[in-house]
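A quick write-up on the structure given underneath.
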Amino acid sequence: MRQLEVRTVFAPDQLRRRLEEAGAQIVDDGGAMHTVRLVAADGDWTAVVETLARFVVHEWSAAYIAHRLAVRHRYLDADEQAHVAALVRKALEQVWAETTDTTVWAETAKAVIGQAALRGTRVELDGVARFQMRDFVRQVEAAVEECVGHYLADREFEQFVLMLRLMMEAQPASGGELHLFCADGKAWVCTPSGEPVCDPDVLAAAAEVSEDGEVNCEDLAMSILITKAPAHVVIHDVAGAQPWPSFTETVERVFIGRASRCTGCSACTQLSAARPGEASLS
């Protein structure tokens, strides 16, 4: 029989359960909250070391993710932190599934823990992860910061969409249908018969709030749609790949349930065939 004392600040309860499942006998903890003392037969020792290695890669990293969010991003409430933590774990699992990283990390942890267990009767899993598996921890930390950035961008976008939706709903419902056309660098609104929709008051207001008096075509198109508050918006999108969120995606979110995409019309065909800068409905 061999004895080992394992210390981990993160997820000690999960560690006890995993070790018991691996055939180890958990002995008196001595009241130490973060220490697990175990006894295992020589024949079970390999399973114990492998369990410790998997614990570091999965349960320890999950608890570390939650800790990092709580410390570095405390402005997020508990539900937001839990949501982002789930996003981080999903992102890491996807990366590990597409590469051999999870195997590499598990094998690295197994080798380091096995050596530490041979040298003495105590293993500090936090030290193993933070110092001897620094690249692993850095990957986890990078995933946390990336997912937080995405979440904050999503949250800001949702707030922006809500503001626009409230502005639109505050307008008298005009009914009817308007068509939004989007090509590379261009956006304009038309009636179903193809007549451009212009609003001098909207144009003047947009020019007034712009920094240089130049009105962005997408801002102007959105302002017209919000002011007119149509019952239905048909989106004709022939623009190339756009960064998220694209203008048309924003329109769909603002006019949720009131917008649909054109599945192919003569105008879209003509716009798609036109060279950049020469798109025209004439």
Side-chain angles (χ1 to χ4, degrees), residues 6-22 26 29-38 51-99 101-102 105-106 109 113 123-167 169 243-246 249-250 252-254 256-257:
V6 184
R7 178 174 173 78
T8 176
V9 172
F10 302 112
D13 292 336
Q14 290 95 318
L15 177 60
R16 292 187 183 92
R17 185 168 59 253
R18 293 301 185 196
L19 288 170
E20 288 176 334
E21 292 172 354
I26 305 301
D29 288 334
M33 182 181 301
H34 302 299
T35 301
V36 180
R37 296 183 176 88
L38 63 97
T51 297
L52 293 174
R54 288 194 300 270
F55 169 81
V56 170
V57 175
H58 298 289
E59 286 88 354
W60 187 94
S61 66
Y64 181 70
I65 289 167
H67 168 75
R68 187 171 178 86
L69 285 168
V71 172
R72 293 180 59 89
H73 303 285
R74 61 187 66 182
Y75 53 86
L76 300 175
D77 63 32
D79 288 341
E80 289 177 315
Q81 289 183 20
H83 174 67
V84 175
L87 294 178
V88 175
R89 293 195 297 271
K90 182 177 180 181
L92 285 171
E93 288 169 0
Q94 182 174 350
V95 170
W96 292 342
E98 295 172 352
T99 65
D101 281 357
T102 184
W105 297 138
I113 292 169
V123 174
E124 293 275 356
L125 291 185
D126 303 308
V128 168
R130 290 177 181 272
F131 298 104
Q132 294 170 287
M133 297 179 63
R134 287 189 296 272
D135 289 341
F136 168 73
V137 174
R138 287 178 185 137
Q139 185 183 37
V140 172
E141 292 173 345
V144 170
E145 300 311 313
E146 183 177 357
C147 286
V148 167
H150 289 323
Y151 174 76
L152 292 178
D154 289 347
R155 188 174 69 175
E156 183 179 357
F157 175 61
E158 291 295 336
Q159 292 171 344
F160 175 65
V161 166
L162 178 60
M163 179 192 69
L164 293 179
R165 190 178 298 153
L166 291 174
M167 292 172 59
E169 292 175 349
W244 182 93
S246 69
E249 288 169 331
T250 303
E252 285 181 309
R253 295 298 301 277
V254 174
I256 189 167

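The figures that follow rest on heavy atoms only: side chains count, while hydrogens, waters and symmetry mates do not.
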### Query
Given Q139 and L92, is the side-chain contact (heavy atoms from CB on, under 4.5 Å) satisfied, shown in steps?
CA-CA 9 Å; Q139 185 183 37; L92 285 171; 4.2 Å; yes
### Query
Stepwise, does the side-chain contact (heavy atoms from CB on, under 4.5 Å) test hold for L152 with L76?
CA-CA 10 Å; L152 292 178; L76 300 175; 4.2 Å; yes
### Query
Run the side-chain contact (heavy atoms from CB on, under 4.5 Å) check on V84 and Q81 step by step: do they pass?
CA-CA 5 Å; V84 175; Q81 289 183 20; 5.9 Å; no
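Between L69 atom CG and H83 atom NE2 the span is 11.5 Å, to the nearest 0.5 Å. Once rounded to the nearest 0.5 Å, the distance linking CD of E141 with CD of E146 reads 14.0 Å. Residue R16 holds its CZ atom at 10.0 Å from OG1 of T8, rounded to the nearest 0.5 Å. The CZ atom of R37 lies 14.0 Å from the CG atom of L19; values are rounded to the nearest 0.5 Å. Residue H73 holds its NE2 atom at 12.5 Å from OH of Y151, rounded to the nearest 0.5 Å. Atom CZ of residue R7 and atom CG of residue L125 lie 10.5 Å apart, to the nearest 0.5 angstrom.
For Y64, the ring pair (Phe, Tyr, Trp, His ring centres under 6.0 Å) partners are F10, W60, not counting sequence neighbours.
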For residues 127-136, dump all side-chain donor-acceptor pairs below 3.5 Å to protein atoms at least two apart in sequence or in another chain.
from	atom 1	to	atom 2	distance (Å)
R134	NH1	F131	O	2.6
D135	OD1	R138	NH1	3.0

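With contacts defined as side-chain heavy-atom distances shorter than 4.5 Å, the pair E20/I26 qualifies.
Here the closest heavy-atom approach between residue V140 and residue S61 is recorded as CG2-CB, 4.4 Å. Across every non-hydrogen atom of V161 and T250, the tightest pair is CG2-CG2, 4.4 Å. The shortest heavy-atom contact between V88 and C147 is CG2-CB, 3.6 Å.
Electrostatic pairing of E93 and K90 does not count as a salt bridge here, judged by no charged N lying under 4.0 Å from a carboxylate O. Using a 4.0 Å cut-off between a side-chain N of Lys or Arg and a carboxylate O of Asp or Glu, R54 and E59 do not qualify as a salt bridge.
The closest donor-acceptor contact from the side chain of E249 to the backbone of S246 lies under 3.5 Å. At distances below 3.5 Å, not a single donor-acceptor pair connects side-chain atoms of R68 with backbone N or O atoms of I65.
Counting only N and O atoms by type, the side chains of Q14 and H58 include no donor and acceptor under 3.5 Å apart.
The salt bridge (Lys or Arg N to Asp or Glu O under 4.0 Å) pairs that include a residue from residues 147-165 are E80-R155, E158-R253, where partners are two or more places apart or lie in different chains.
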